[in-house]
Each structure stands twice: as C-alpha cells, then as structure tokens.
Amino acid sequence: MAVLRGKEYPQLSVLEMTSQLQTLMTIIRDKNTKRNDFIFYSDRINRLLVEAGLNCLPTREKVVETRTGETYVGTEFVGKICAVPIIRAGLSMQNVIREVAKKIRIAHILIQRDEETAKPIFFKDWLPDDIENRFVFILDPMLATGGSANETIRSLKLKGVAEEKIIFINLVAAPEGIEAVLAAYPNIRIITAEVDEGLDTNAYIVPGLGDFGDIYFGTD
Ligand code: PRP
Ligand code: URA
C-alpha cells in the first residue's frame with residue numbers, strides 16, 4: 001500500500017528507499033552517466049523490482065525432509081508466470097526476470113508512444129495461448145501518462161487475463177500514470193522503484209531520466 005497525493009492505493013507498492021537504491025537511482029538519472037553504467041545500474045534496480053514482484057505470488061505449504069532426516073515445513077510457489085515486456089524499453093527487463101524465474105514464458109507487446117501526442121499506438125502482440133492461466137508481469141521501466149500500460153492491460157484482458165493476476169513492474173512512475181492505470185484497472189498491482197513529481201509539457205517524467213529506451217539501447 002502506498003499514499004499518492006493524499007490518497008491511499010492498496011494496489012501500489014513503492015520500493016523502500018534504502019541508501020543503496022537512492023545511490024542506484026542517482027546514477028541512472030545523472031546525465032553524465034555513461035551508457036554501460038546506465039545499463040548495469042538500471043539492471044540492478046530491475047532485479048530488486050522483479051524480486052519484489054515474486055513476493056506477490058501465492059505460495060502453499062510444502063513439507064520436505066532435510067539431509068539430516070528431519071522435517072522442514074516450508075512453502076512452494078503456486079502457478080505459472082508469463083512476463084510481457086512492452087517493446088522497446090521493457091526489453092531491458094527481460095533478462096533480469098529470466099535470471100530469477102526459470103520456467104517463465106516471455107510474451108511481447110509492441111506499443112510506441114506517438115511523439116507528438118504522447119498517445120500509445122498498438123502494433124502487435126505475441127501472447128501464449130494459456131496466458132489467462134498465468135500470473136502476468138508487465139515490464140516497462142517508464143510509466144508517464146499510463147497510456148502504454150493501459151493499452152497493454154486492455155490486450156491482456158481481451159485474452160482473458162484477470163486483473164488480479166497482473167503485476168506491472170516499473171522503474172520510474174509519474175503520479176498521473178499511476179492514477180490513470182489504477183482508475184482504469186483498479187485490481188492490478190503496480191510495483192515501482194520511485195514516484196516522481198509529474199509530467200512536463202511533452203509528457204516526459206519530471207525529474208525523470210529522459211528517454212529510457214534511447215539511453216539503454218544507444219539510440220540517443
Ligand atoms: C516509453 C516507455 C513506455 C512509455 C511510457 O516508450 O518505455 O512504454 O513510453 O509512456 P506513457 O505512460 O505515457 O505511455 P516509447 O513508446 O517512447 O518507446 P521506447 O520504449 O522505444 O522508448
Ligand atoms: N518514456 C520515457 O522513456 N521517458 C519518459 O519520461 C516518458 C516516456
């Protein structure tokens with residue numbers, strides 16, 4: 001649960017701002033950071049986010065016998081996962097989730113913001129047939145107006161995915177984007193590393209970090 005502009009959002013989780021996370025966020029926001037450092041440190045933050053996402057998955061009791069012959073009462077995960085990176089910037093999070101979830105399916109959705117209007121344009125998706133039986137991790141480092149995320153969730157719901165099974169993993173969010181997504185889809189979960197002040201006149205996040213995809217993939 002997190003509070004945003006005086007309102008409580010039970011479906012929103014913001015990572016605890018530890019000294020480590022603050023340092024990593026400072027590096028990726030710094031305009032003087034070199035690309036290889038931007039990639040390394042945003043991957044580090046994405047790892048923290050994905051781990052937080054895994055903590056949202058349900059578990060059930062599992063009893064095992066240890067090598068001492070004793071009993072250990074533990075847990076196991078219930079259910080399968082599908083990650084859905086929003087192409088292009090979301091692709092930066094794909095390898096990170098593969099490192100922690102061995103049997104994961106990776107679907108993709110191609111959505112680009114129109115540079116003039118900031119409205120999302122949907123091109124194509126590639127989703128597994130059984131996606132409605134899976135927990136779905138939407139991956140996108142930037143949440144600005146919320147248009148791209150909402151378009152993605154709309155596609156997932158058309159395929160039968162329940163909102164309760166959708167977790168949106170995000171690195172930097174504008175309050176406007178969070179409000180827009182949770183107003184449209186109140187039962188999804190959002191996990192973000194930091195919530196910024198707002199949007200500028202071009203619908204870029206302020207203070208933000210710029211165009212994540214361009215920096216990460218070297219097209220700036
Ligand atoms: C960026 C970002 C999000 C979207 C966020 O993608 O990765 O997908 O904008 O903005 P919104 O919340 O206002 O929709 P963009 O379409 O610019 O493409 P890119 O991933 O190729 O950088
Ligand atoms: N996309 C980005 O990469 N950055 C923003 O601030 C907004 C959209």
Side-chain angles (χ1 to χ4, degrees), residues 4-5 9 11-12 14 24-31 33 35 37-39 41-43 45-46 49-50 53 83-97 106-127 136-157 166-186 188-220:
L4 192 63
R5 304 209 264 209
Y9 286 89
Q11 299 303 102
L12 173 65
V14 183
L24 302 178
M25 294 301 296
T26 306
I27 293 170
I28 66 164
R29 289 176 187 274
D30 183 348
K31 69 176 186 183
T33 294
R35 188 173 338 280
D37 282 332
F38 182 87
I39 294 168
Y41 290 104
S42 50
D43 285 353
I45 301 166
N46 285 333
L49 286 163
V50 165
V84 183
I86 304 179
I87 303 172
R88 172 187 57 156
L91 291 174
S92 66
M93 304 164 104
Q94 175 172 314
N95 291 341
V96 173
I97 202 162
I106 310 269
H108 291 96
I109 186 159
L110 176 53
I111 294 173
Q112 289 287 290
R113 278 204 331 177
D114 182 300
E115 291 196 357
E116 299 297 317
T117 65
K119 297 266 183 267
I121 305 170
F122 170 90
F123 289 94
K124 187 169 168 48
D125 60 25
W126 297 263
L127 306 175
V136 178
F137 282 44
I138 299 174
L139 307 178
D140 195 331
M142 296 284 116
L143 172 55
T145 65
S148 305
N150 277 349
E151 192 61 28
T152 304
I153 299 164
R154 194 180 69 83
S155 296
L156 293 172
K157 289 192 70 174
I166 299 175
I167 302 167
F168 178 29
I169 308 280
N170 163 256
L171 205 155
V172 178
E176 293 89 333
I178 294 169
E179 288 164 355
V181 172
L182 291 179
Y185 303 108
I188 73 143
R189 290 188 68 103
I190 299 177
I191 300 177
T192 189
E194 198 163 16
V195 181
D196 275 13
E197 288 162 23
L199 298 175
D200 68 13
T201 51
N202 296 315
Y204 269 71
I205 303 169
V206 179
L209 52 78
D211 188 311
F212 188 99
D214 276 350
I215 309 167
Y216 195 96
F217 294 111
T219 51
D220 52 339

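On a predicted model such as this, the values are computed, not experimentally measured, just so you know. Computed from heavy atoms alone, side chains included, the values below leave out hydrogens, waters and symmetry copies. Order of appearance sets the numbers: ligands from 1, and atoms from 1 within every ligand.
- Expressed to the nearest 0.5 Å, how far CD1 of I86 lies from CD of E151 amounts to 9.5 Å.
- Under a 4.0 Å criterion applied to the non-hydrogen atoms of A89, ligand 1 contributes the atoms 7 (O), 20 (O).
- The closest protein non-hydrogen atom to atom 18 (O) of ligand 1 is Q112 NE2, 3.3 Å.
- Going from atom OG1 of T201 over to atom CG of L199 covers 10.0 Å, rounded to the nearest 0.5 Å.
- For atom 16 (O) of ligand 1, the nearest non-hydrogen atom of the protein is R113 N, 2.7 Å.
- For the pair Q112 (side chain) and I121 (backbone), a donor-acceptor distance under 3.5 Å is absent.
- Each of the following atoms of ligand 1 lies closer than 4.0 Å to a heavy atom of A144: 10 (O), 11 (P), 12 (O), 13 (O).
- One finds the CD1 atom of I45 at 5.0 Å from the CE atom of M25 (value rounded to the nearest 0.5 Å).
- For a heavy-atom separation below 4.0 Å, the residues in contact with ligand 2 are R113, M142, A144, A203, Y204, I205, G210, D211, F212.
- For the atom pair N170 CG and I178 CD1, the distance stands at 7.5 Å (nearest 0.5 Å).
- Within the 4.0 Å cut-off (strictly below), a protein heavy atom is located near atom 3 (C) of ligand 1.
- The CG atom of L171 lies 12.5 Å from the CD1 atom of I191; values are rounded to the nearest 0.5 Å.
- Residue-level proximity to ligand 1 for D214 is absent, since no heavy atom of it falls below 4.0 angstrom.
- The N/O atoms of A149, backbone and side chain alike, include none that comes under 3.5 Å of an N/O atom in ligand 1.
- With rounding to the nearest 0.5 angstrom, the CG atom of N46 is 12.0 Å from the CD atom of Q94.
- Protein heavy atom closest to atom 22 (O) of ligand 1, with residue, atom name and distance, is D211 OD1, 3.3 Å.
- Relative to the ring axis of Y204, R113 places its NZ or CZ within 45° and under 6.0 Å from the centre.
- No side-chain donor-acceptor contact under 3.5 Å links D140 to the backbone of G90.
- The residue among T145, I215, N170 with a heavy atom at the shortest distance from atom 11 (P) of ligand 1 is T145.
- The shortest contact between atom 5 (C) of ligand 1 and any protein heavy atom is with M142 O, 3.5 Å.
- The shortest N or O to N or O distance between A118 and ligand 1 is not below 3.5 Å.
- The proximity of D140 to ligand 1, defined as any non-hydrogen pair under 4.0 Å, is limited to the side chain.
- Remark: side-chain polar atoms of S148 are not paired, donor with acceptor, to backbone N or O of P120 under 3.5 angstrom.
- The closest non-hydrogen atom to atom 12 (O) of ligand 1, taken over S92, G146, G90, S148, comes from G146.
- With R29 contributing its side chain and G208 its backbone, the two residues share a donor-acceptor pair below 3.5 Å.
- Side-chain atoms of T145 and E176, non-hydrogen and from C-beta on, never get closer than 4.5 Å to each other.
- Taking only nitrogen or oxygen atoms, main chain and side chain alike, R88 reaches within less than 3.5 Å of ligand 1.
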